[in-house]
Amino acid sequence: MSLIELQGAVNVRDLGGFVAAEGRRLTAGRLFRADALHKLTDGDVDVLAGLGLRTVVDFRSPREITGAGPDRLPAGVDRIELPIAGGNITATLGATVGEFSSGKPDLGGGRAAEVMRTINRQFITEPEYRAAFARTLHLIADPDRDPLLFHCTAGKDRTGWMAAIVLTALGVPHDDVLADYLATNDYVWPSYQAWITRGAESGEIEDPDAMRELLYQDPSYIGSAFTAVETTYGTFDRFLTDGLDFGPADLERLRNVLLE
């Protein structure tokens with residue numbers, strides 16, 4: 001897990017270095033995961049240019065992009081929008097407000113964590129989400145598209161599951177896949193924690209524990225996604241073929257693009 005240090009983004013990582021099936025290793029400089037890139041400085045853009053990026057996949061919703069701003073990217077990079085509403089915490093909370101007479105979602109008592117597990121299950125069960133992940137996987141396997149970077153807002157849930165799909169498909173051990181997923185806490189959580197502390201002190205955040213569950217990656221969140229794969233498809237291989245339309249020939253191309 002090689003962090004790309006930037007001023008305007010904190011969770012940009014090179015996925016190179018993981019050991020996959022048959023002892024082959026992911027080549028550095030081919031595949032990157034990230035948080036949003038709209039705050040990049042000119043210097044940050046130069047750093048990305050040095051990576052030779054050809055393709056960026058943005059999982060943010062149109063509303064997220066409008067509110068925050070488009071990615072700042074080097075000239076010539078092909079940016080592809082594949083919006084996945086699940087994982088957008090603001091939208092998720094907005095959708096739950098109507099279920100409560102108070103007008104505010106009650107996320108205490110572990111309910112916030114269950115919201116996150118539900119979101120991760122939906123990455124598998126919702127056809128439109130699954131289609132976006134499938135399209136991204138096919139792009140990653142296209143040698144004319146790499147180096148490729150995919151991202152959402154925090155590089156946390158949508159990006160985390162996409163990374164898990166690729167790494168698992170390549171045969172990276174599950175413990176390493178989970179370590180990559182949880183590493184987001186190292187980079188993103190400090191700013192979230194400071195924001196929660198300020199909000200609790202000002203009274204804007206009534207339940208800091210619930211907010212922490214929404215923003216801190218827990219193994220059970222991605223675990224619910226893998227459980228949904230098993231429940232719906234039986235095996236991860238069947239999820240690739242039947243859920244993502246990613247067959248053996250596609251998998252061979254993915255290996256040829258990414259593995260040394």
Side chains of [X] and [Y] in contact at under 4.5 Å (non-hydrogen atoms):
{"X": "Asp218", "Y": "Glu213", "answer": "no"}
{"X": "Gln217", "Y": "Lys156", "answer": "yes"}
{"X": "Leu148", "Y": "Arg54", "answer": "no"}
{"X": "Ile140", "Y": "Val257", "answer": "no"}
{"X": "Thr241", "Y": "Asp245", "answer": "no"}
{"X": "Val12", "Y": "Leu149", "answer": "yes"}

Check: [X]/[Y] side-chain N/O donor and acceptor closer than 3.5 Å:
{"X": "Arg121", "Y": "Thr118", "value": "yes"}
{"X": "Thr184", "Y": "Arg33", "value": "yes"}
{"X": "Ser2", "Y": "Arg13", "value": "no"}

Legend entry - ring-ring contact (aromatic ring centres under 6.0 Å, His included) partner of Trp161, chosen from Tyr129, Phe226, Phe150, Tyr221: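 Running ring-ring contact (aromatic ring centres under 6.0 Å, His included) over Tyr129, Phe226, Phe150, Tyr221 with Trp161 returns exactly one hit, Phe226.
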Inset, instruction - Would you confirm whether Thr27, through its side chain, and Arg30, through its main-chain N or O, come within 3.5 Å as a donor-acceptor pair? - result: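 No: the side chain of Thr27 does not pair with the backbone of Arg30.
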Inset, instruction - Measure from the side-chain N and O atoms of Asp35 to the backbone N and O of Asn11, and report whether any donor-acceptor pair falls under 3.5 Å. - result: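 A pair under 3.5 Å: yes.
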Inset, instruction - Flag this pair as yes if the NZ/CZ of Arg212 is under 6.0 angstrom from the six-membered ring centre of Tyr216 and inside a 45 degree cone about the axis; otherwise no. - result: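 Yes; both conditions hold, so Arg212 lies above the ring face of Tyr216.
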Legend entry - Leu73 versus Leu37, closest heavy-atom pair with distance: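 The answer is CD2-CD1, 3.7 Å.
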Inset, instruction - Would you confirm whether the ring centroid of His151 sits within less than 6.0 angstrom of the ring centroid of Phe59? - result: no
